[in-house]
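Written below as structure tokens is the structure these notes are about.
Computed from a predicted structure; not experimentally measured. Within every chain, numbering begins at 1; the chains are lettered A, B, ... in the order of the sequence lines, protein sequences first and strands thereafter.
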Amino acid sequence: EAQLVESGGGLVQPGGSLRLSCTASGFNFRSYVMNWVRRAPGKGLEWVASISDRGGSALYGDAVQGRFTVSRDNFNLTLSLQMDSLRSDDTAVYYCAKGRRRELFLPDAFDIWGQGTTVTVSS
Amino acid sequence: QSALTQPASVSGSPGQSITISCTGSSSDIGRNDFVSWYQQRPDKAPKLIIFDVSKRPSGVSTRFSGSKSVNTASLTISDLHIEDEGFYFCSSFTSPRLFFGPGTEVFVL
């Protein structure tokens with residue numbers, strides 16, 4: 001069974017940094033686009049970032065462009081999100097999600113999701 | 001900020017059908033067929049229920065159907081069940097950005 005498990009969330013002060021991880025199992029991780037999506041309290045889903053199957057290309061949402069960096073380790077089947085210059089409006093549950101399409105960098109639909117990890121940015 | 005709009009809430013009785021709209025523009029929904037829908041129940045992860053406007057992933061109930069007309073996508077839930085309660089989000093991808101709608105809360109009365 002395909003599964004994604006996020007870790008690394010926690011409480012961080014404004015301006016601080018945090019690194020999230022997502023460990024995959026049960027599917028060919030190396031062949032799929034991987035993504036981060038977040039949901040802030042009382043708000044809707046927001047796309048954060050996507051990375052191509054081999055890690056050579058990445059896309060970011062406007063709200064995190066220049067502050068967050070997505071990466072992947074296809075040997076250890078891990079997706080990461082380095083979050084710098086954190087702000088209070090980055091407070092959210094962060095989900096790792098698998099792209100539906102194989103070997104095509106088209107992050108349009110996500111068919112497997114983790115349970116999420118909570119990031120709280122507060123002083 | 002989302003470029004898509006959805007009604008804040010929709011309600012229906014068990015057995016009825018409801019339709020949720022997702023309105024965009026010629027720059028997103030009207031530009032291609034990369035429209036998806038997600039269901040998110042309380043304290044659960046989102047679940048993909050429709051992709052490419054009208055296709056259902058394996059295992060998703062046939063009670064869920066999607067369509068599109070010009071710049072508006074729609075999700076119809078037929079034969080409403082209690083377990084259909086939750087939030088529903090549309091999404092539209094136009095490279096290099098993916099946008100989600102603000103979400104519609106479905107109540108089964």
Side-chain angles (χ1 to χ4, degrees), chain A residues 1-6 9 22 24 27 32-52 56-66 70 89 92-102 104-118, chain B residues 1-9 20 22 24 28-29 31-60 64 66 68 73 75 86-106:
Chain A
E1 179 189 0
Q3 191 173 11
L4 297 168
V5 179
E6 302 93 338
C22 169
F27 67 97
Y32 292 93
V33 173
M34 293 299 297
N35 313 273
W36 289 99
V37 177
R38 67 186 182 184
R39 187 172 184 189
K43 300 286 185 67
L45 297 175
E46 181 182 17
W47 171 67
V48 174
S50 298
I51 186 166
S52 60
S57 298
L59 297 174
Y60 298 91
D62 291 340
V64 307
Q65 180 86 46
V70 61
D89 60 358
V93 176
Y94 285 73
Y95 296 98
C96 165
K98 168 188 167 291
R100 190 187 67 81
R101 300 181 190 273
R102 186 183 180 97
L104 178 64
F105 193 29
L106 184 60
D108 65 310
F110 308 152
D111 58 359
I112 305 294
W113 294 67
Q115 285 305 303
T117 187
T118 300
Chain B
Q1 188 170 352
S2 175
L4 309 176
T5 61
Q6 296 180 236
S9 65
I20 302 168
C22 175
D28 38 63
I29 290 179
R31 190 165 182 174
N32 58 46
D33 286 341
F34 300 139
V35 176
S36 301
W37 289 90
Y38 299 85
Q39 175 195 61
Q40 188 171 27
R41 295 192 181 110
D43 299 319
K44 297 292 186 182
K47 175 185 177 182
L48 178 67
I49 55 174
I50 295 288
F51 65 93
D52 290 355
V53 174
S54 61
K55 298 175 182 176
R56 275 186 307 276
S58 174
V60 171
F64 295 96
K68 189 183 87 166
L75 172 72
F87 278 91
Y88 290 80
F89 298 92
C90 62
S91 72
S92 174
F93 177 77
T94 302
S95 186
R97 294 289 182 269
L98 175 72
F99 288 105
F100 285 97
T104 296
E105 191 166 16
V106 168

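For A:Glu6, no part lies near chain B; criterion is any non-hydrogen pair under 4.5 Å. Using a 4.5 Å cut-off between heavy atoms, A:Val37 contacts chain B through its side chain alone, with no backbone atom that close. Only the side chain of B:Ser91 comes within contact range of chain A, judged by heavy atoms closer than 4.5 Å. Using a 4.5 Å cut-off between heavy atoms, B:Pro57 does not touch chain A at all. For a residue to count as touching a neighbouring chain, one of its non-hydrogen atoms must lie under 4.5 Å from one of that chain's; by this rule A:Asn35 does not touch chain B. For A:Tyr60, the part sitting under 4.5 Å from any heavy atom of chain B is the backbone (N, CA, C, O) and nothing else. Contacts of A:Leu59 with chain B are made by side-chain atoms alone, with heavy-atom separations under 4.5 Å and no backbone atom involved.
In this pair, B:Tyr38 and A:Phe110 present their aromatic rings tilted. The plane angle is within the 30 to 60° band.
Between chain B and the residues A:Gly61, A:Ala63, A:Pro107, the most heavy-atom pairs under 4.5 angstrom are made by A:Pro107. With chain A as the partner, the residue from B:Pro46, B:Ala45, B:Ser92 showing the most heavy-atom pairs under 4.5 Å is B:Pro46. If you tally non-hydrogen atom pairs under 4.5 Å between each of A:Leu45, A:Ile112, A:Asp62 and chain B, the highest count goes to A:Leu45. Looking only at heavy-atom pairs under 4.5 Å with chain A, the residue among B:Trp37, B:Phe93, B:Phe87 that has the most is B:Phe93.
Remark: side-chain polar atoms of B:Gln6 are paired, donor with acceptor, to backbone N or O of B:Cys90 under 3.5 angstrom.
For the 3.5 Å distance criterion, the side chains of B:Glu105 and B:Ser9 fail to qualify, holding no donor opposite an acceptor.
Relative to the ring axis of B:Phe51, A:Arg100 places its NZ or CZ within 45° and under 6.0 Å from the centre.
Counting heavy atoms of neighbouring residues, nucleotides and ligands inside a 6.0 Å radius, atom CZ of B:Arg97 exceeds 12 of them.
The CD1 atom of B:Ile20 sits 10.5 Å away from atom CZ of B:Phe89, with the distance rounded to the nearest 0.5 Å.
Residues B:Lys55 and B:Asp52 are paired through a salt bridge, judged by an N-O separation under 4.0 Å between the basic side chain and the carboxylate.
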